[in-house]
Visitor: 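The following block contains the structure, expressed as structure tokens.
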2 protein chains.
Amino acid sequence: MQVTTTTNGTEPAGTKVRLLESATDLFSRQGFGATGIKAVLAAAEAPYGSLYHFFPGGKQELGAAALTYGGDRYRTILESIYPEGRDVVEATTDSFERAAQLLEGTDFGYACPIATIALEVANSDEVMREAAADAFESWLTVLKQRFVEAGMTDERAREVAIETFCLIEGGVLLARTIRSAEPMHTAGRAASALVAAGLADSAG
Amino acid sequence: MQVTTTTNGTEPAGTKVRLLESATDLFSRQGFGATGIKAVLAAAEAPYGSLYHFFPGGKQELGAAALTYGGDRYRTILESIYPEGRDVVEATTDSFERAAQLLEGTDFGYACPIATIALEVANSDEVMREAAADAFESWLTVLKQRFVEAGMTDERAREVAIETFCLIEGGVLLARTIRSAEPMHTAGRAASALVAAGLADSAG
DNA sequence: GTCTATAAAACGATAGAC
DNA sequence: GTCTATCGTTTTATAGAC
């Protein structure tokens, strides 16, 4: 009787989740290629062989699973920042301010769980690239849905979702590199303005 | 009599430049950690030891030099897209369309020469992080200068420069990951609108 | 079923031949 | 001054002990 199909078990699931959390954290902050599986195992306080037990496909399978895991986690956060009914301009401003605080609070160590890895594997690993693409699309879907509920057309809502995404990802990249939260504040104001413009256009 | 101080020499400089070009290309598309120096040397058709001859500091020095080299090259391109006197809204639209065409023309292999590496080293290699930061700041300076010349205040010009940067970098990240030029077109329209808004505000 | 000890390969770096 | 052959380490992956 196999119980390794779900991660909802009582005891044996713990190691797998710790592995995913460590992998998401290390891969996103140091890069996928630069992080050895040994470092992931050490951070998760897991024995060597457990990686190949939970992820028979080795580092690639762990990488793809970490992208899915990190993508799901941030989607949940996004849904909590944009609860149904909340003013979307306000929520947008809030999401950038939160990211800015997180960056400053972690000495600019906070990183997008997907971006670093996505840029590395976009042209070299199709399996991982698709996992990253699915994660990004799930975020865009959440944003689009909220914008539609706020009154935008489907087409306009997707555009504004993409604009918001680009500003936050570009902001994190610049903020981490120059070690300043300035880009997050600036990008946040621009995103809020674009969301407001999208609402105004659709309201005609 | 040493002639290794400049890269302008007749024959011996060729290898160094080829090394920098290969490094910039491979590091930005596959990642710094995932790319071995052997692969860089092979792409540059340079013998093994030449790397340590031109870059005694090894891989780190090559990485930092590649960031400076790639940063300078794109700054030159940026200056050609935003020549003095050209309408900055038009130039902004143009820069995103060019990036979109480049992405489609290279099967989404085109990548920012800095972004991938910057995300990898932002929290692990201070020397390379500073090289990446200098490159980004040099691009922002070009944009800001053109925006000031077009009539924006210093403060507003830097803000709009940052917004444009974030949209293009976020756009390239998303486009490469989902293998579609859609984000570049969408981000381009948003950037042009933000530049136009910046001009209108300053003209107020 | 869980983990440790080992193997084969690739890495960055260097010493020394030309 | 230019390059090749080699060193020691670290990497991923596996085979087999418990």
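Chain naming here is simple, since letters A, B, ... match the order of the sequence lines and numbering starts at 1 in each.
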Visitor: Taking all heavy atoms of A/Ile114 and all of A/Ala132, pick out the closest pair and write down the distance.
Guide: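 So the two residues come closest at CG2-CB, 3.7 Å.
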Visitor: Rounding to a whole Å, what distance do you find between B/Glu45:CD and D/dT4:P?
Guide: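 So the CD-P distance, B/Glu45 to D/dT4, works out to 13 Å.
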Visitor: Looking at B/Ala34, is its backbone amide N or carbonyl O close enough to the side chain of A/Glu120 to form a donor-acceptor pair, meaning the two atoms are under 3.5 Å apart?
Guide: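 Absent.
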Visitor: Return the set of residues passing side chain to side chain donor-acceptor pair (under 3.5 Å) with B/Arg98 (not counting sequence neighbours), or none when no residue passes.
Guide: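 B/Arg98 satisfies side chain to side chain donor-acceptor pair (under 3.5 Å) with no other residue.
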Visitor: Starting at NE2 of B/His53 and ending at P of C/dA13, how long is that distance when rounded to a whole Å?
Guide: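 For the pair B/His53 NE2 and C/dA13 P, the rounded distance is 17 Å.
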Visitor: Consider the side chain of A/Tyr52, meaning its heavy atoms from C-beta on, and name the nucleotide among C/dT2, D/dT12, D/dG1 that approaches it most closely.
Guide: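 For the A/Tyr52 side chain, the nearest candidate turns out to be D/dT12.
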Visitor: Between residues 55-62 of chain B and DNA chain C, which residues have a heavy-atom gap below 4.0 Å?
Guide: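 Heavy-atom cutoff 4.0 Å gives B/Gly58, B/Lys59.
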Visitor: Hey, what do you get for SG (A/Cys112) to CH2 (A/Trp139), rounding to the nearest 0.5 Å?
Guide: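 The distance works out to 4.0 Å.
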Visitor: In this structure, how many angstroms lie between the P atom of D/dT10 and the CD1 atom of A/Ile37, rounded?
Guide: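 Nearest whole value for this atom pair: 15 Å.
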Visitor: To the nearest Å, how far apart are A/Phe27 CZ and D/dT12 C1'?
Guide: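 So the CZ-C1' distance, A/Phe27 to D/dT12, works out to 12 Å.
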Visitor: To the nearest Å, give me how far apart CG (A/Leu41) and P (D/dT10) are.
Guide: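 Atom-to-atom, A/Leu41 to D/dT10, this comes out as 17 Å.
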Visitor: Please name all residues satisfying ring pair (Phe, Tyr, Trp, His ring centres under 6.0 Å) with B/Phe108, sequence neighbours left out, ordered by chain then number.
Guide: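 Once residues adjacent in sequence are excluded, B/Phe108 has no partner under the ring pair (Phe, Tyr, Trp, His ring centres under 6.0 Å) criterion.
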Visitor: What pair of heavy atoms forms the shortest contact from A/Ala43 to A/Ser22, and how long is it?
Guide: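 Looking at all heavy atoms of both residues, the shortest contact is C-OG, 3.5 Å.
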Visitor: Extract from the structure each pairing of a protein N or O with an N or O of nucleotides 4-6 of chain C at less than 3.5 Å, listing the distance.
Guide:
none

Visitor: Between A/Lys16 (NZ) and C/dT2 (P), how many Å, whole number?
Guide: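 Going from A/Lys16 (NZ) to C/dT2 (P), I get 12 Å.
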Visitor: Which pairs would a plain distance check flag for residues 141-149 of chain A, meaning a side-chain donor or acceptor within less than 3.5 Å of a matching protein atom at least two apart in sequence or in another chain?
Guide:
residue  : atom : partner  : partner atom : Å
A/Thr141 : OG1  : A/Glu137 : O            : 2.8
A/Arg146 : NE   : A/Tyr82  : O            : 2.7

Visitor: Please give, in whole Å, the distance from D/dT11 C1' to A/Leu51 CG?
Guide: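 Distance check: A/Leu51 CG to D/dT11 C1' gives 13 Å.
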Visitor: If you look only at distance, which donor and acceptor atoms sit under 3.5 Å apart when one is on a side chain in residues 59-67 of chain A and the other is two or more places apart or in another chain?
Guide:
residue : atom : partner  : partner atom : Å
A/Lys59 : NZ   : A/Phe32  : O            : 2.9
A/Lys59 : NZ   : A/Thr35  : O            : 3.1
A/Gln60 : NE2  : A/Asp125 : OD1          : 3.0
A/Gln60 : NE2  : A/Asp125 : OD2          : 3.0
A/Glu61 : OE1  : A/Gly57  : N            : 2.6

Visitor: Report yes if the side chains of B/Thr116 and B/Arg176 come closer than 4.5 Å at any heavy-atom pair, otherwise no.
Guide: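 Yes, side chains in contact.
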Visitor: Between A/Gln30 (CD) and D/dT11 (C1'), how many Å, whole number?
Guide: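 Distance check: A/Gln30 CD to D/dT11 C1' gives 15 Å.
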